[in-house]
Structures are given as structure tokens and as C-alpha cells.
Asker: 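Can you read through this structure? Questions will come right after.
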Amino acid sequence: MASGGPSRGRAASVLWTLAIAACALFSAPALAQNDTPQPPSSQVQDGPQVQDSQPQDPAPRTNRRQQDDDEQTPIGSSEAGRVPVEGIPANLSDPLKLLQREEPAPATLFEARRQAERAASVVATLLESEGYYQAEVEPFANGQSVFSRGVRVTPGPLFIYASAAIAYLDAEPDAITRAELDSLLAPITAGLPARAQPVIETGDALVARLRVAGYPDAKADPVDALADAKTGSIELEFRLRPGLRSSFGQLALTGLKVTNPEFIERLRPWKDGERVTPARMDEFRGHLVETGLFATTAVRLGETTTPGADDLAPRDVVVEVTERERQTIAIGAAASTSDGVGLDAQWQLRNFSGWGDSITVSGQLATLERRIGTTYRIPHIGKYGRTLSLKSEIEDFETNAFDQTGANVSATLEERLSPRVRASLGVEAGFASILDAQARINGTGRRDVYIVSGAGTAEYVGVRDILDPVNGFRARVAIEPGFTWGDTNIAFAKISGEAAAYYDFGTKDFVGAVRGRLGTIAGPNGAPPDRLFFAGGGGSVRGYEYQAISPRDPVTLLPSGGRSLVEMSAEMRYRATDTLGYVAFLDAGAAGSNVEPPLDAMKLGAGVGLRYYTAFGPLRADIAVPLNKDAGDADFQVYISIGQAF
């Protein structure tokens, strides 16, 4: 079947395999009339081994007809749209519509012919893929001042599968694997239409199953196909080369400068003597990338060796890496009319001791708070994905609600339970000197407290980009029990949960996002102010000042912090260009003085925003107005930061 253009790729190889077999069988009667004996055909490249026949036409025939050559040439169509096709099997009409392109009305006879031939090429490929290996596809064009074109099809017989078998061209795999491979031939059941796609998929599945069974060098030769002209059927033989079954050997490492080779050994997901599988190799590659220590990584199997007593051939794993620069500096900034301005800076030294550990020094200088801290992080404690973080911090808060100066040390053990779920347990000890708003006015002085607290968290991250999520879901819950002594002696427990969902509506330009947060504090009053809940501001309810939607002291009328919290947000994000986007949003929330979230006291804020997209994330600028404005509330608030609001 000629279709106006050469076929390409693996699908074309299978189509030619089946088509050659079918055409060869249909040409056999003509060969029988030849006085000169014809030798059996040799192997056709990327095609079948066809016996007792000579390949003639390797594809469905396409004939070009002009109007003066045949008075019966169909009229076709001169209108814009898909080129009309006559004679296509009814069950292929809809698939053909999906493949055909919309064509303009032809202005010349040459253009009409070109459109018809282009459509014929699509039709021929579709027919081949569906088992019509002897179809005739005829493009035609005619006209003088108005030009028509079309395609006429004579589909011919629909070939069916007669049988499918596997031939091993070198050593056979083990009996269990052979049985599993035989079961993969189910899509080639005798009597089904001899479509090309099941042949492609089955060939891929056979090789993939061999590799999963421990044959890393498995590959397949072209499929042999033998067609029977009388029955319209095709016999298939999948020819496989399994190679040797292999096990993981030693690591062969190159490119390490600071990293300890033993650290790389600990990243191996396989046990000694385990069979080689693609999944384990991919998992190991992922472990190397996740360390963040290497600019480039390459992992491959070494040379084949002689099988041992277990019939497995040990294969070394060759690892070639290039280490990254160890030090990085990051700087960030934020500004808003309610929270003031702030500057963040961070210095990090990776691979401090050669075992993937890191030291991070971070600082924050802002209108409302100042802090400096150091974190030492040790990865893979006891098992892969378990991390120990040791942290010390000095902090100073200066807000309308309270002033607080203190220091703390903490230890947190975090474990990745799955690719998307993390959990952590931590303990913290600290000291705080606190000046409440009322004490500030009354001049009663500070209260000094010592704090010991714990923290248990669980987090699900189902989004790809934390700074700019477009699809997925994420959630976090935390329980923080603690007690204080000194000027205040109490025990308390802070419980909070937060979730956000994102949906792109099947487009690349629009993203809908929603967020919710709940929290409560159990125990008597008197918890340190930095453990209380406050609402209002850029990270809470936009349109209101920082901490403005919180319980207030009855005397000073300044925010005093709450024992419960509820917040909700919704955004519609539109990305107009690669670098520019717009946002409309609605926020709601409040902090309450009781344990129950203050649903009846929620305030609303609404606004619009601008996003400028960079390589490291979007820059955010929002303007919001309060919808439940109280006396003293500003008419609007402006927020500038890095990353989406949530």
C-alpha cells in the first residue's frame, strides 16, 4: 500500500512486517505462473521472514487519477475542511476524523492533489494499523476553475491473528519467567483483527518483563510474521534475546572529592546478591539526585561476568558524579502596609563532613521580628529518608500585641514515610522574656518563663512546585504540647491543621486554589504569646492589619492573642504570558478567645494581585480591602513577597 510518504519509527516497522507478509502471500499466484523458479526470500530489514514468496508491494497501493483519465472519477469536495474519504470501514470513521487535518479550499489543481495525497497517507497508515494490509487507497483531484479532491478506499480483507509464539535466540530464561512471558501474549488471541498496536505493546511488555525478572540486557529482534492468503490470517513469532540473569555487584565510584564513598553505599536500595531490576536502578538514581550534592549523576551497569552458583551474573554498578559547589547564599525580602518590611538571608554549607550533612545559618531583620539561628542537619539516620535536625535560635518580637525576647534549642527527627508523606517528632527547650500589651501600658514589667515543648507533625505534599502549585493537594497537622514555669506555671497543647487544593481546569492558563486552616489551644490561659493564634495580615486575611482580627484586651483594645483560629481563602489565578499573571482572591478568618473556632466572628477581605514569574518562582504583589471594616481599619493593604500566597 503506497501512501504518499515514507513510514517512520517502531510502529512503521511493525506495519511493514505485517504488510509485507500479507502482500507476499497475495502475490504468490503470479509467481507460480513464472517459468523461472524463484528462490525463497531472505530476511527483510525490520520486517518478517517470509518463506516461499517474493515481496512485491510493501504497502497499500495508492493511485493518482486525473479527470481526463477516468470518466468515473468521483467528484470529491472543493470546500474547506477535511478531505472526504469514500469507502472507509464504518468503525474507522471517527478515528480518521481525529487524525485528519482541516484543509483550506484548494486554489489550484496542484494544491488539490497535494491535499488528497496528504489525506491518503493518513488513511493508508490507519488502515494498516487496523489490519487492512491489502487496502487500495486512491487520492484524486480534478477541476478547472473550482478544484475538488478526495480519497477513494477499497479496504480489502481484514486480516486476523492466527497464532503468536515466542522464540528465544540465545539461552532461555527460567521456567517461571517463561510462563509469565507466555501470559503476555493474550492480546494476540487468535481471531482478533491483526492490528499493529497490540504487536508493538506486546513486544515492549515482553522485554520489560524480562528486565524486571533480572535480565538487564534483554532485547527483541524484529517480529517474524507469516501470512495465509486463503484464510486472511497472520502468524506471529516474537524473537527475544534474554541475555544473562544478573545480580547487583559492587559500586564503582568516580568523581567524588569531598563525599565519603561509604555515604554513597548507604544510598543503595538493594541488598547484596539481589537481582538487577530497572526499578532499583531508578530508585538509586533518585537517591543520588535527592542529596543535592551533585551537579551531574550517571548510573549504569558494568560489564557482564560469569554466572555464579546461583545462576546469577554479578554486575558492578558504575556511578559517575560531579559534585556541586558546597556553599550557597540566599536573600529574600517582603513588604506590606500592615506587616512592615523584612529582609531574610541564609548561608548554607553542604556536605560538611562528607556524609551529606549541612550547616545553615539564617537571619531575619523585619519590622515586627528579628531572629538568627543555626541548624545542623544529618540525613539518613538509621535508614534512608530519616533526618535529624539540631537547631539553636535567638529571637525578638515587637508587635502591637506583645514584645518578646528569648532563645531556644530544639531537636527534630523527620522521616519520609512515602514519596508524598512526611512525619516528624521534636522537642524544644527555651527561655522567653515577655511584655504583654497591658503590662506595657501599666508599667508592671516583663514576665520571664522557661518553656519545654514537644511537636508531632504529619504532612502530605501532593504538588510539584511549592512556590507555584498548579495541581494537587497538600495538608499538614501538628500537635504541640508544652508547659512553662517561672512567672507563669501552666501546661497547654496547641493543635492545628491546614490544607490547600489546586486545580488547573485542564488548561495551562487558569488555576483555582482554596485553603483552610483550623487551630485550638487546650489548657488554662497564660501560654506564651508566640504560641497563641492571631489573624489578619499577608499570610492570613488580606485587607486587614497584622493581628487585627484577634481577641483584644478590654482595657488597651490591642490584640492579645486567641486560643482558636479559623481561616479560609480562595484564589483564581490567570497566567497571561510566560512572565505575567493576575490573581483575584477572597479571604476570611478570625482568632477567638475560646477553644472553639470563632466561625461567627469571621471577617472578609478581597482583592486582586499581580504575579511576575521568574526562574525561582513568582514575585507577588497584592492589594486588598476589608469587607467587614471596623473603626480604625485602613481602607486597603498592600503586600509584596516571593511565591504564591498559599
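A quick note: this is a predicted structure, and the numbers were derived from the prediction, not measured.
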Asker: Test your reading of the model: is there a side-chain donor-acceptor pair from Arg552 to the backbone of Ile549, 3.5 Å cut-off?
Answerer: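 Answer holds: no.
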Asker: Go through Arg420 and Glu459 one step at a time and tell me if the salt bridge (charged side-chain N to carboxylate O under 4.0 Å, His left out) criterion holds.
Answerer: CA-CA 8 Å; Arg420 295 185 177 183; Glu459 184 176 16; over 6 Å; no
Asker: Could you give me the CA-CA distance, side-chain angles and deciding distance for Ile434 and Asp403, then say whether side-chain contact (heavy atoms from CB on, under 4.5 Å) is met?
Answerer: CA-CA 6 Å; Ile434 303 166; Asp403 295 347; over 6 Å; no
Asker: Step by step, would you call Val299 with Phe284 a side-chain contact (heavy atoms from CB on, under 4.5 Å)?
Answerer: CA-CA 8 Å; Val299 180; Phe284 183 48; 3.9 Å; yes
Asker: Please test Ser540 against Glu567 for side chain to side chain donor-acceptor pair (under 3.5 Å), starting from the C-alpha separation and ending with a verdict.
Answerer: CA-CA 7 Å; Ser540 176; Glu567 290 177 351; 2.4 Å; yes
Asker: Just wondering, do Tyr544 and Gln637 contact through their side chains at under 4.5 Å, heavy atoms?
Answerer: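 Side chain of Gln637 against side chain of Tyr544, heavy atoms only: no contact under 4.5 Å found.
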Asker: Check whether the side chains of Asn351 and Thr259 place a donor and an acceptor atom closer than 3.5 Å, and report yes or no.
Answerer: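 The criterion, which ignores hydrogens and geometry beyond distance, is satisfied for Thr259 and Asn351.
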Asker: Could you tell me which non-hydrogen atom of Ala295 sits nearest to which non-hydrogen atom of Arg324, and how far apart they are?
Answerer: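 Minimum heavy-atom separation between Ala295 and Arg324: N-CG, 3.2 Å.
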Asker: Might you point out which heavy atoms bring Ala590 and Ala601 nearest each other, and give the distance in Å?
Answerer: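 Looking at all heavy atoms of both residues, the closest pair is CB-O, 3.5 Å.
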Asker: Output, in order, the C-alpha distance, side-chain angles, deciding distance and verdict of side chain to side chain donor-acceptor pair (under 3.5 Å) for Tyr384 and Glu415.
Answerer: CA-CA 9 Å; Tyr384 181 83; Glu415 183 165 338; over 6 Å; no
Asker: Taking atom types as modelled and ignoring hydrogens, do the side chains of Asn471 and Tyr503 form a donor-acceptor contact shorter than 3.5 angstrom?
Answerer: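 Result is no, nothing qualifies.
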Asker: What's the verdict on side chain to side chain donor-acceptor pair (under 3.5 Å) for Gln644 and Asp468, showing C-alpha distance, side-chain angles and the deciding distance?
Answerer: CA-CA 6 Å; Gln644 298 287 4; Asp468 187 23; 3.1 Å; yes
Asker: Side-chain contact test, heavy atoms from C-beta onward, threshold under 4.5 Å: evaluate it for Phe510 versus Arg573 and give yes or no.
Answerer: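 No. Closest side-chain heavy atoms not under 4.5 Å.
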Asker: Please step through side-chain contact (heavy atoms from CB on, under 4.5 Å) for the pair Phe263 and Thr291, ending with a clear verdict.
Answerer: CA-CA 10 Å; Phe263 175 69; Thr291 64; 4.1 Å; yes
Asker: Do Thr457 and Ser424 have a side chain donor and acceptor closer than 3.5 Å?
Answerer: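 Yes, because at least one side-chain N or O of Thr457 sits under 3.5 Å from a partner of the opposite role on Ser424.
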Asker: Give, for atom CZ of Arg275 and atom CZ of Arg211, the distance between the pair rounded to the nearest 0.5 Å.
Answerer: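 Reported value, rounded in 0.5 Å steps: 16.0 Å.
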Asker: Is it true that Phe431 and Tyr450 have ring centroids separated by less than 6.0 Å?
Answerer: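 Yes - the distance between ring centres of Phe431 and Tyr450 falls below the 6.0 Å cut-off.
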Asker: Short question: side chain of Arg575, backbone of Asp509 - any donor-acceptor pair under 3.5 Å?
Answerer: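 Judged by distance alone, no pair lies under 3.5 Å.
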